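Taking it in order: structure first as structure tokens, then the write-up.
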Amino acid sequence: MAQDWPNKPIRLVINFAPGSSPDVLGRAVATPLSQALGVPVVVENRSGAGGLIGADLVAKAPGDGYTILMASGSTMVVVPTLTPKMPYDHNKALVPVAATARLELFLVVRSNSGFNSFADLQKFARANPGKLSYGSPGNGSTPHIGAEMLKNMAGIFALHIPYRGSAPALQDLLAGNIDFFMDPGIATPHIRSGALRLLAVGSTKRSFLYPDTPTLAELGLKGYDGGSTHSFYAPAGTPQAVIDRLNSEINRILVTPAVTQTIRGLGAEPTPMSPAQLTALNAADTARFANIIKQQGIRAE
């Protein structure tokens with residue numbers, strides 16, 4: 001079968017809403033992948049439950065090379081720790097195909113919020129517990145855990161408002177319905193336009209997009225790292241030859257100028273790697289997030 005593959009359209013399930021960072025990355029790869037394989041790559045968004053709805057759909061699909069998943073990093077390295085009963089066997093049902101980019105988090109507020117620095121937000125939150133709220137793409141998403149990490153490490157409280165994707169959360173921030181957002185990279189145009197203010201970068205190093213903006217670690221939250229890697233997966237049983245072909249094509253696509261530009265627009269860099277390297281990276285991230293979740297007593301809401 002692998003020798004004849006592909007001979008019909010491939011279904012690409014993206015497990016977050018349109019406009020989210022997994023959606024942006026998945027669609028950026030889908031068109032050139034279709035051209036490389038000579039068959040349509042049909043994108044289908046299946047969001048909800050921290051990405052589990054889309055992931056479960058692919059996990060239970062035939063392993064024939066015609067259904068693949070673009071998953072957020074949080075779905076693979078955070079959600080299993082927070083979900084006592086996964087709808088599929090997390091360790092066996094999905095196999096890594098290719099990474100796309102390491103997504104960092106950016107702490108953003110509205111420019112008219114009155115918060116000109118992280119210190120301003122922290123001071124207000126401590127003086128007014130419960131008056132601030134933040135949005136996330138859903139329970140168990142990296143922006144959710146990243147914000148909870150911030151709350152616990154900064155000694156503040158803010159109400160969590162989950163959405164069905166990053167884009168709806170961002171729109172509610174712009175509309176004034178929430179107070180801050182741990183942006184996975186889609187807010188860049190609004191930061192550049194002046195509608196939003198970037199207070200800090202939630203990674204281990206400063207962003208190339210904003211070299212003058214400090215990291216949360218620099219601002220006192222020592223060891224803060226909210227990064228995760230968005231990647232492609234296939235159902236277990238997918239022929240190794242198919243996975244190898246997909247990995248090769250996706251790795252090549254990631255470093256083409258157009259796709260690299262899209263990835264850099266999210267404040268990230270392309271991360272071409274082998275399936276084995278992705279497996280190792282996910283294992284390391286899972287251990288790191290599980291330790292943080294345990295230490296901070298974070299629970300799925």
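Just so it is clear, the model here is predicted, and its values are computed rather than measured. Counting from 1, the numbers follow the sequence of the chain as shown.
K151 contributes a side-chain N or O that, together with a main-chain N or O of A158, makes up a donor-acceptor pair within less than 3.5 Å. Y224 places a side-chain N or O within donor-acceptor distance of the main-chain N or O of G146, the cut-off being under 3.5 Å. Under a 3.5 Å cut-off, the side chain of S193 and the backbone N or O of H190 do form a donor-acceptor pair. Formation of a donor-acceptor pair under 3.5 Å by the S203 side chain with backbone atoms of G227 is not found in this model. W5 places a side-chain N or O within donor-acceptor distance of the main-chain N or O of G65, the cut-off being under 3.5 Å. Between the side chain of N15 and the backbone N or O of G54 there is no donor-acceptor pair closer than 3.5 Å. Judged by distance alone, with hydrogens and angles left aside, the side-chain atoms of S248 form no donor-acceptor pair with the main-chain N or O of D244 at under 3.5 Å.
Smallest separation of non-hydrogen atoms from L173 and F181: CD2-CB, 3.8 Å. Between A154 and R126, the shortest heavy-atom distance links the atoms O-NH2, 2.7 Å. In plain terms, the two heavy atoms of T271 and A101 that are nearest each other are OG1-N, 3.2 Å. Contact detail for L132 and D179: the closest heavy-atom pair is CA-OD2, 3.2 Å. Nearest heavy-atom pair, A28 versus T262, reported as atom, atom and distance to 0.1 Å: CB-CG2, 3.9 Å. Between L196 and L174, the shortest heavy-atom contact is CD2-CD2, 3.6 Å.
Side chains of S72 and S74: a donor on one and an acceptor on the other come within 3.5 Å. No hydrogens or angles considered: nothing links the side chains of R197 and S111 as a donor-acceptor pair under 3.5 Å.
Exactly one of R102, R264, K205 qualifies for a salt bridge (charged side-chain N to carboxylate O under 4.0 Å, His left out) with E269. That residue is R264. Checked options I68, V58, T67, L69; the residue passing with R11 is T67 (criterion: side chain to side chain contact (heavy atoms under 4.5 Å, CB included)). None of L103, V259, I14, L254 except one satisfies the side chain to side chain contact (heavy atoms under 4.5 Å, CB included) rule with L25; the exception is L103.
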query = When you look at H144 and V78, which way does the side-chain contact (heavy atoms from CB on, under 4.5 Å) test go after all the steps?
reply = CA-CA 10 Å; H144 171 211; V78 174; over 6 Å; no

task = Give the intermediate values and the outcome of side-chain contact (heavy atoms from CB on, under 4.5 Å) for residues N247 and M273.
result = CA-CA 8 Å; N247 178 266; M273 64 182 71; over 6 Å; no

task = Evaluate side-chain contact (heavy atoms from CB on, under 4.5 Å) for T83 paired with V79, printing each intermediate quantity in order.
result = CA-CA 6 Å; T83 306; V79 172; 3.3 Å; yes

key: Stepwise side-chain contact (heavy atoms from CB on, under 4.5 Å) check, D172 with Y163   = CA-CA 10 Å; D172 254 16; Y163 294 83; 2.6 Å; yes

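Linking ILVMFWY residues whenever their side-chain heavy atoms come closer than 4.5 Å, directly or via other members, leaves Y134 and F16 in distinct clusters. Linking ILVMFWY side-chain heavy atoms closer than 4.5 Å, directly or via other members, places M70 and I53 in two distinct hydrophobic clusters. Under the 4.5 Å side-chain heavy-atom criterion for grouping Ile, Leu, Val, Met, Phe, Trp and Tyr, V24 is not connected to V42 through any hydrophobic cluster. Residues I178 and L159 are members of one and the same hydrophobic cluster, defined by side-chain heavy-atom contacts under 4.5 angstrom among Ile, Leu, Val, Met, Phe, Trp and Tyr.
Taking the centre and axis of the six-membered ring of Y88, the NZ or CZ atom of K60 falls outside the cone set by 45° and 6.0 Å.
Considering CD1 of I10 and OG of S34, their distance stands at 8.0 Å, rounded to 0.5 Å. Between the CG atom in L216 and the CE atom in M149 there is a gap of 9.0 Å [rounded to 0.5 Å]. Atom OG in S21 sits 11.5 Å away from atom CD1 in I263 (nearest 0.5 Å). The distance from atom CE of M153 to atom NZ of K222, rounded to the nearest 0.5 Å, is 10.0 Å. Here the straight-line distance linking atom OG1 of T142 with atom CD of E104 works out to 10.5 Å at 0.5 Å rounding. Rounding to the nearest 0.5 angstrom, the gap separating the CG atom in L278 from the CE atom in M76 is 8.0 Å.
Using a 4.5 Å cut-off on side-chain heavy atoms (C-beta onward), L52 and M86 make contact. Two residues are said to be in side-chain contact when any heavy atoms from C-beta on lie closer than 4.5 Å; L246 and F232 fail this criterion. Two residues are said to be in side-chain contact when any heavy atoms from C-beta on lie closer than 4.5 Å; S20 and I186 fail this criterion. A 4.5 Å side-chain heavy-atom check between R245 and L37 finds at least one atom pair inside the cut-off.
Dense packing is recorded around CD of Q240, with more than 12 heavy atoms of other residues, nucleotides or ligands lying under 6.0 Å away.
For F118, there are no ring-ring contact (aromatic ring centres under 6.0 Å, His included) partners two or more places apart in sequence or in a different chain. R164 meets the salt bridge (charged side-chain N to carboxylate O under 4.0 Å, His left out) test with no other residue; sequence neighbours excluded.
Between Y210 and F106, the angle of the ring planes goes over 60°, which puts this pair in the perpendicular group of the 30/60° scheme.
For R206 and E218, the salt-bridge test passes: some basic side-chain N is under 4.0 Å from an acidic carboxylate O. The pair D285-R288 meets the salt-bridge criterion, with a side-chain N (NZ, NE, NH1 or NH2) lying under 4.0 Å from an Asp/Glu carboxylate O.
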